[in-house]
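Report on the following structure.
Here is how names work: the chains are called A, B, and so on, in the same order as the sequence lines, proteins then strands, and each is numbered from 1. Predicted model only: the values in this text are computed from it and were never measured. Only heavy atoms go into these numbers, but all of them, side chains included; no hydrogens, no water, no symmetry mates.
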Amino acid sequence: MSKGRVWKYGDNVNTDVIYAGKYTYQQLDPAEMAAKSLEDLDPSFAKNVQPGDVIVAGKNFGCGSSREQAAACLHYAGVQAVVAKSFSRIYFRNAINLGLAVLQSPDAPDALQSGDEIEIDFTGGRILSAGRVFTFFPLPESVLGIVQAGGLLEWTKKKLSRP
Amino acid sequence: MPQTFSEKILSRKAGRSVHAGEVITAVPDYYLSHDNSSAIIGEFKKLGLARVKAPEKIVIVLDHIVPAADEKYAQNHKTIREFVRAQGIPNFFDIQHGVCHQVFSEDGFALPGKVIMGSDSHTTTYGAYGAFSAGIGRTEMASIWATDEIWLRVPETLRIEFRGDFPAGVFAKDAILKVIGDNGADRANYEAVEFSGPAASRFSLASRMVLANMAAEMGAKNGYFEPDEMTLEWLKDRAKADFEIVRSDPGAVYEAVLKYDLSGLEPQIACPNTVDNVKPVREVAGRPFHQALIGTCTNGRLEDLEIAARILKGRKIHPHIRLLILPASRVVYVEAIKRGLLETLSEAGGVILNPGCGPCLGAHEGLLAPGEVVVGTSNRNFKGRMGARDSEIYLASPATVAASALEGRIADPRKYL
Ligand code: SF4
């Protein structure tokens, strides 16, 4: 279980507002990337986000370009998970392969509000908030392992080093 | 609970019954890469491993820039050949074979019920044979080489039902352009697209490949046609392994069902700069352009060259137009020679290129100068993809491209057929 606060947004949050196109070909370090996250959606986000916070959104989160930074910047900002009704295909894969948990939930996005305190039970597929329980498709252990290892290459290395 | 094709095939891989939205770990049956294998080799080396886990599952086809256009590409190819030899990878296709998706299919790797991953976005093509096949990134491919495993999210399925027969001059390419134009380039985001209905089984395998190939342009993870007699006949002497046909159950849950009557369809064209900017050809007829391209993994098969040759036989292309002919594979190329198609196309003024990707990805063999326009049969028309930043691409059927090459302006092919 890990705890965090909710940042709530709507449907179709696209990769441009998560990480602006003008930064994609600049080589920024993780802290700088974190500082750019959601710049064009919510300027207060990068200043106030705390490690463990959770983004909650509607349908098709991460639509748009395939830029990996849109997943990496949230990971670097300390976001432990994005909970949404659905994700764009490329974003979903990029996020997990870069170490950001993406959880698809039918009921949490409508019910949760910005500032809510929540707890995520990653293996049980449950989100708890003020006595309410929501569900998501739990990531299987192997995929959760990729997220927890910090991404696919790190995970593969770890896996290979095991006897 | 009834399951879609994708749910069934991924259930087998997961060893339990799964449905859309779940995530599984699968052991793929084959994995394809092309010239980007050199980048994958780079990622693979970072893992510090001496050997790939399952060399017999790796299929590498050199097709993107063949023969090598400069020293850098030559070095890429060399790196790949050396790696292939060192790792004992048996299924390596060097520059003479053609576009990866065509070669992979002709050589019998595209099989019903198989899970195939490819580091190319048009890996969706093998759905034409009833496989579950999807594109992935290079890092992921390196990881598959190392572990023989991949995680997959079970996709929802969009079902598209076709009925009726194509009118003269209208083809599979027009059908898929119409679907993409009506529904948008992200309509099938992360979904499987199942092509069905009474007309789907009448599509030739080459035509099924056009639709499955371009499912990627709707955002799809994979495409699917139910295998039938035609599929089995094609696979008879070429299947690389035993296979089992997997079909959607009656009553399976679809995200949506779209219905199309082909008998009312007319030739379609995707205008610059997105694949869903589709109009009937008649609305843009008369627009001037500079280069025509017939071929690629989308429309470079015999039926495509045949229709182009039928339109161009005994005629000459317009003097202001260059026409490039790009057969999808050596097999297609040789058969087109035997049938006299290449002779006809060459006599009409076409330049016959070697099988491969040619100018499709904008690296060599017929790029566009600033301000130039190409009308081609490929699958992507993003700004500048085939050359200069401000060059433009229109996408259409081989018949429309051939008719346009004749007239020197975008033309409706129906008057020639
Ligand atoms: S022909 Fe074009 S679309 Fe097909 S594999 Fe080659 S570059 Fe990609």
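Using a 4.5 Å cut-off between heavy atoms, B/E149 touches chain A through its side chain atoms alone. Of the two parts of A/L153, the backbone and the side chain both hold a non-hydrogen atom closer than 4.5 Å to a non-hydrogen atom of chain B. Residue contact with chain A, scored on non-hydrogen atoms closer than 4.5 Å, is absent for B/A142. Heavy atoms of B/I150 lying under 4.5 Å from chain A belong exclusively to its side chain. Both the backbone and the side chain of A/F92 have a heavy atom closer than 4.5 Å to some heavy atom of chain B.
A cation-pi arrangement, defined by a distance under 6.0 Å to the six-membered ring centre and an angle within 45 degrees of its axis, is absent between A/R126 and A/F136. Geometrically, A/K36 engages A/Y23 in a cation-pi contact defined by less than 6.0 Å to the ring centre and at most 45° from the axis. For the pair B/R51 and B/W145, the cation-pi criterion (under 6.0 Å, within 45° of the ring axis) is not fulfilled.
Residues B/H122 and B/N379 bring a donor and an acceptor atom of their side chains to less than 3.5 Å of each other. No hydrogens or angles considered: a donor-acceptor pair under 3.5 Å links the side chains of B/H34 and B/D120. If you check the side chains of B/S119 and B/S33, you find no donor sitting under 3.5 Å from an acceptor. There is no side-chain donor-acceptor pair under 3.5 Å between B/S248 and B/Q3.
Here B/S143 is the residue among B/P155, B/S143, B/G219, B/G48 with the most heavy-atom pairs under 4.5 Å with chain A.
Of the possible donor and acceptor atoms, none in the side chain of A/D53 sits under 3.5 Å from a partner among the backbone N and O of A/G4.
Partners of B/K57 under the side chain to side chain donor-acceptor pair (under 3.5 Å) rule, at least two apart in sequence or in another chain, are B/D148.
Inspection of non-hydrogen atoms places B/A20, B/G21, B/E22, B/V23 of residues 12-23 of chain B under 4.5 Å from chain A.
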